[in-house]
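All values reported here derive from a predicted model rather than from experimental measurement. These values consider heavy atoms only, across backbone and side chains, with no hydrogens, waters or symmetry-generated copies. Order of the sequence lines fixes the chain letters, A, B, ..., with proteins taken first and strands second; residue numbering starts at 1 for each chain.
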Amino acid sequence: MAQDRTGDVYDFSAIEARWRDFWSERGFFQTDTSAREGTYYYLNMFPYPSGYLHVGHGRNYIIGDLITRVKIMRGLHVLNPMGWDAFGLPAENAAIENETHPWTFTQKNIETAKEQFRIWGVQFDWDREIATCLPDYYKWTQWLFVQLYKAGLAYKKKATVNFCPTCDTVLANEQVVGGLCERCDTPPEPRDLEQWFFKITDYAQRLLDDLNTLEKWPDNVVKMQENWIGRSEGAEVVFTAETGDPITVYTTRPDTLWGATFMVLAPEHPLVDVLATPEQEDAIAQYRDRAARASEIDRLSTDREKTGVFTGGYALNPVNGEKVPVWIADYVMMTYGTGAIMAVPAHDERDFEFAIKFGLPIIPVIDRTDDVAKAFIPASAIGDGLALALDQSEASYRRSDAGLLVLATRSNLDAVISAIGENLSSNGYAMVAGARFAFIFPDATIDLNSTASDREILSRCSLLSGADFSAKTAMELLQDIAPFADVLFHADYGVMVNSGDFTGTPGDRAKADVIAWLESKGIGKGTINFRLHDWLISRQRYWGAPIPMIYCETCGQVPVPEDQLPVLLPETEFIGKMGLGDIPGFQDTTCPTCGGPARRDTDTMDTFVDSSWYFLRFINPQDAAQAFSKDDVNHWLPIDQYVGGVEHAILHLLYARFITKALHDMGHVDFIEPFARLFTQGMVCHAAYKCPEHGWLYPTDVSAGDTECPKCGKPLETSSFKMSKSKRNVVDPKDIVEAYGADTERLYTMFMGPPDRDIDWTDEGIRGAFRFLNRVWRLIVENVDRLAPVGEAAAPSSLDEAGATVWRRVHRTIKKVTEDIEERFSFNTAVAAIMELFNELSTYAAMGNPDPALLREAVDALILILSPFTPFVCEELWQRTGHAVSILEQAWPSFVEAALEEDTVEVPVQVNGKLRARITVSAADAADPAALEAAALANARIQEVLAEVELVKAIPIPGKMVSLVVK
RNA sequence: GCGAGGGUGGCGGAAUUGGCAGACGCGCUAGCCUUAGGAGCUAGUGCCUUCGGGCGUGCGGGUUCGAAUCCCGCCCUUCGCACCA
């Protein structure tokens, strides 16, 4: 640990102090946004100023600083700004606790974070700092609202919303996670409120389509957005209730319409009251009541047995005139589609489960796509000649105590059925399922192809079975036969059966054909549905941007004129949870249109509105006349590289894409996507220890390897979690910087693993990084006097073999590190390559007569490519090795193409896939298949191996290897 | 259940296009230096071995001269969505 470090180490404290403010004082990170050529916009997702930053947060900003430094050395105009997503509940709660203003809390946290960035050496253009909670920012958030309102993209409606009683505000659909408030895990309550929405659903298709243009986004984020948007193609079909009321359902499978044997409405569906018969009213009321509270009780439980209640009403299936019962069930959601479904239990798993549970008929209407068919003859129904007859039908069968199971196929099924039919005992029956569903009686075979046949089958079986017969449907009888389990249900597209005139329609056409027919008949239409809902942005809390709307009795709903923005947050005392409506006088205003008395909207906007456009503000953050300069943002955006946590894969990124498209359509920007390239970095985890009695323990209280609680001796639960205060597993950068310096933290953070993956922080790991920096320091400082003057480069032709090897290594490393950083985002392998270069250089420097010019070239390159990782020590070494300018004024090193080619190549030789020798050949020979083969065959070891076998074939792969096949 | 990742030494990981598996680091072992070592330096470190070699990238098959990498079927695991009709 920190305080235990001993021995001679470089003086990182003094060095870091020396350079800490140097770069910002010299203005290296200030950006001229009027630049039009060679611009590069890097952006980290701006943080909520929460009051502390741990080493996991560091990962994010260190990546950004690293890339920014490389791009600056490349001579680009780099914009890497920072701001604060500063509205939101924690500041308000802290204000209530301390009876201060949220800004007091926020401001303090911002100062803490800025100091932490300074310690890390993470640089920003602080002249462009923004905070979403300041009037000169939220003025433009309100402006954005007004633009959306004018474009018809912001509207107010009364809606059933998720209200979190703990946070005392409504939640967006996206903020309810697993049925709970994402912030406080309270189950939200449904409430009917007048709320503002942004019409993101208007953009659903474009948000989906344009994902295809985001080639440099991680696939998983693209997929998550696709799923969230949730496009599905189907049809709306109108059923007619007995009362005459139309019931419109949405289905993705109109080709299964003939199998719709009942309907299900969401419990809240308005037609329920119309359809309910008096005797069902009590049951319906009870069920609705339970469903309304279901979020609390059922949503967390894993068993999801279907529940529901019959309304007592019936409707007519428009395609076949069948009278189907109408049920209500909570597996149908009012918020998706039309809140009503046709149930096709034969081809929808949920409907199947529901039908079996409530005894509703199940009629197959889509043929299986395979040939599998099974028949079962109960033991009591087996006639004398059955086995013989089945042998002739070429079907295989097995006998058990219960009866005889025949495994048939489509082609021999008819033969099997007649064989069974002719050999049944007089009071028995047999069943067929799979490619055909039928019941075989001694006098007839009845197919399960309609509700009428379902009833007939059932009455015959009941008659044959006697008193204890209780099945309500034919499918229930089939379900009792265990070997039938895999052939009773399927949801595939297949040939339509039992579907009137459509019977025989192949599966690949069925859906389109039926939709066309429905449309021609006027009983339905093709429809596209999205899971995406409009974005609920009203919040009943103080600490957010006030919604700039005014309500006038004469003029109605009027937006605050743009020249009267911002609507300022009123100053107030914080003594408890409140919204703007609780502040006396806030509401009172005059109508901007007629001048009469009016009142303000008392809600504030969701903080995701603030962050849905902030990246535009950074280009001209102080512009008092406009939200952003169209000309400037068109040049600087889309953002070249956006980096943040994957937890924002849906909400923030989707909202920002939507707002960008809306601004585009209103003519404010020319681009349609805000983020050209996205990278989502993984979390940093750390061991956390939990005692069943004492709860979470600090790692410092648990000695390494301990599995028992030091307080009570009970066994500890040890596992790795994302760093969080509550789990007491946070690593404070202060401790790390004090013990090893910021450079070491930066290096270790980049080296510990692939940056997109979650990774464990270990105290052992960081010492490796520290050791490496000390070795670098020592090597360079001890060899300063042996370096050729600045500017001299090695002459490759005059180098000895060891020197030539180092020279090639220098250039290979420059190439690899450059590509790893700029193209692959693979910082861990870049560090590994630098370490390899160092190891080789170190060995070379220790030899008798190192070439001074080569040492100069190698040391300079080493410092330069290491500098984005560890800027402090590199800036120091750069100066100590005789350079007058800062590293940031130095060009990123380029590599010499010729250095990438080796004079000789070592090529492995395989015999029957096994490595048998390595041969060293000239580069020219390695490139020539014939020469390569000859060299391999000439090798003594290979000749030895070949002496006892016969060579069948030689496969020389130029530059790579030689593969020999023998027998 | 659906979707997307991942599974390689004692550990974190590397292998970029199908071509020498285990780069780099941690840890460990031995030695040197040292009053001392949780400092530094040197050497070693996938497993087995009769020292010839054999085995080895979650498991089982396959394609190929050649597979961690491609194909088929499983298992485990992380994340996201989750009764979306």
Side-chain angles (χ1 to χ4, degrees), chain A residues 1 4-9 177-179 218-228 230-232 234 249-253 256 264 266 298-299 304 306 329-333 335-344 347-351 353-354 491 529-532 646-647 649-650 682-683 747-748 751-754 756-769 771-772 774-775 778 816 819-820 823-824 826 828-836 838-839 846 906-918 952-957 959-966:
Chain A
M1 278 308 289
D4 301 322
R5 179 187 48 73
T6 54
D8 291 336
V9 296
V177 177
D219 290 343
N220 61 331
V221 173
V222 171
K223 270 281 177 308
M224 275 192 242
Q225 294 220 346
E226 262 174 35
N227 291 343
W228 193 264
R231 183 185 199 272
S232 77
V249 301
Y250 173 72
T251 177
T252 54
R253 292 298 302 272
T256 65
V264 186
D298 291 337
R299 288 205 187 154
R304 306 187 157 201
K306 294 282 176 293
D330 65 1
Y331 80 92
V332 175
M333 244 85 26
T335 50
Y336 183 77
T338 61
I341 63 158
M342 64 172 199
V344 184
H347 306 292
D348 180 284
E349 208 172 348
R350 296 154 299 178
D351 297 346
E353 200 189 318
F354 193 85
N529 242 307
F530 294 94
R531 276 181 27 142
L532 186 69
V646 73
E647 67 273 18
I650 296 170
M683 293 181 303
L747 185 67
Y748 174 57
F751 181 59
M752 61 202 292
D756 55 344
R757 227 182 283 174
D758 290 353
I759 193 116
D760 282 328
W761 180 278
T762 66
D763 298 326
E764 294 78 35
I766 197 154
R767 282 205 291 271
R771 267 203 291 267
F772 174 70
N774 274 300
R775 283 200 288 261
R778 232 174 294 131
K816 176 161 177 59
E819 289 171 357
D820 279 359
E823 284 156 41
R824 297 180 61 215
S826 180
N828 54 326
T829 54
V831 174
I834 294 171
M835 286 172 166
E836 283 183 80
F838 171 81
N839 290 342
E906 197 183 64
V907 178
V909 182
Q910 283 186 354
V911 177
N912 279 0
K914 287 190 166 55
L915 181 70
R916 285 293 181 249
R918 294 175 218 270
V952 179
K953 201 164 142 193
I955 305 160
I957 313 293
K960 294 264 171 68
M961 67 168 348
V962 180
S963 188
L964 303 175
V965 188
V966 302

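Taking atom CG of A:D348 as the reference point, atom P of B:A85 lies 9 Å away to the nearest angstrom. Straight-line distance from the CZ atom of A:F838 to the C1' atom of B:C24: 13 Å, rounded to whole Å. Put simply, CD1 on A:I650 is 12 Å from C1' on B:A82, counting in whole angstrom units. Rounded to an integer number of Å, the gap from A:Y748 OH to B:G25 P is 15 Å. Residue A:E764 contributes atom CD, which lies 8 Å from atom C1' of B:G27 at whole-angstrom precision. Atom P of nucleotide B:G25 and atom CG of A:D763 are separated by 20 Å, given to the nearest angstrom. One interatomic measurement links the two molecules: CG of A:D219 to P of B:G6, which rounds to 10 Å at whole-angstrom precision. Here B:G37 presents its P atom at 17 Å from CZ of A:R771, a figure rounded to the nearest Å.
For the P atom pair drawn from B:C81 and B:G12, the interatomic distance equals 27 Å after rounding to whole Å. Distance noted for atom C1' between B:C70 and B:U63: 8 Å (whole Å). The same atom, C1', is picked in B:A14 and in B:U35; the two are 43 Å apart, to the nearest Å. Going from the C1' atom of B:G56 to that of B:G22 covers 11 Å, rounded to whole Å. Taking the P atom of each, B:G10 and B:C28 are spaced 16 Å apart, rounded to whole Å. Distance noted for atom C1' between B:G60 and B:C75: 10 Å (whole Å). B:A21 and B:G46 are spaced 14 Å apart, taking the P atom of each and rounding to whole Å. Remark: the separation of the C1' atoms in B:C41 and B:G37 is 14 Å, to the nearest Å.
Syn is the conformation of B:G52, whose glycosidic angle sits no further than 90° from 0. An anti base is found at B:G54: its glycosidic angle is more than 90° from 0.
Take the nearest nucleotide of RNA chain B for A:A833 and for A:R778: the residue whose nucleotide is more 5' is A:A833.
Counting only N and O atoms by type, the side chains of A:T829 and A:D820 include a donor and acceptor under 3.5 Å apart.
An OP1 or OP2 oxygen of B:A85 is reached within less than 4.0 angstrom by a side-chain nitrogen or oxygen of A:Y336.
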- [ ] For nucleotides 9-17 of chain B, just jot down a letter per nucleotide in 5' to 3' order: B, S or -, based on protein non-hydrogen atoms under 4.0 Å.
- [x] ---BSSSB-
TODO: For each nucleotide in nucleotides 45-57 of chain B, reading 5' to 3', give B when a protein heavy atom comes within less than 4.0 Å of its base, S when such contact involves only the sugar-phosphate, and - otherwise.
DONE: --------SSS--
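A:V332 comes within 4.0 angstrom of a base, heavy atoms only. Contacts of A:T335 with the nucleic acid, taken as non-hydrogen atoms under 4.0 Å apart, are absent. Using a 4.0 Å heavy-atom cutoff across all strands shown, A:N839 reaches sugar-phosphate atoms only and no base atom.
For the pair A:Y250 and A:S232, the tightest heavy-atom approach, listed with the atom from each and the gap, is OH-OG, 2.7 Å. Between A:M835 and A:F772 the shortest heavy-atom distance is CG-CE1, 3.6 Å.
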Open item on the list: Expected output check: what is the dot-bracket annotation of RNA chain B, where ( ) and [ ] are pairs inside the strand (brackets for crossing ones), | is paired with another strand, and pairs are Watson-Crick or G-U under 3.5 Å?
Closed with: (((((((..(((......[....)))((((((.......))))))(((....)))..(((((..]....))))))))))))....
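Sparse packing is recorded around CD of A:E349, with 12 or fewer heavy atoms of other residues, nucleotides or ligands lying under 6.0 Å away.
Between A:M224 and A:V646, some side-chain heavy-atom pair lies under the 4.5 Å cut-off.
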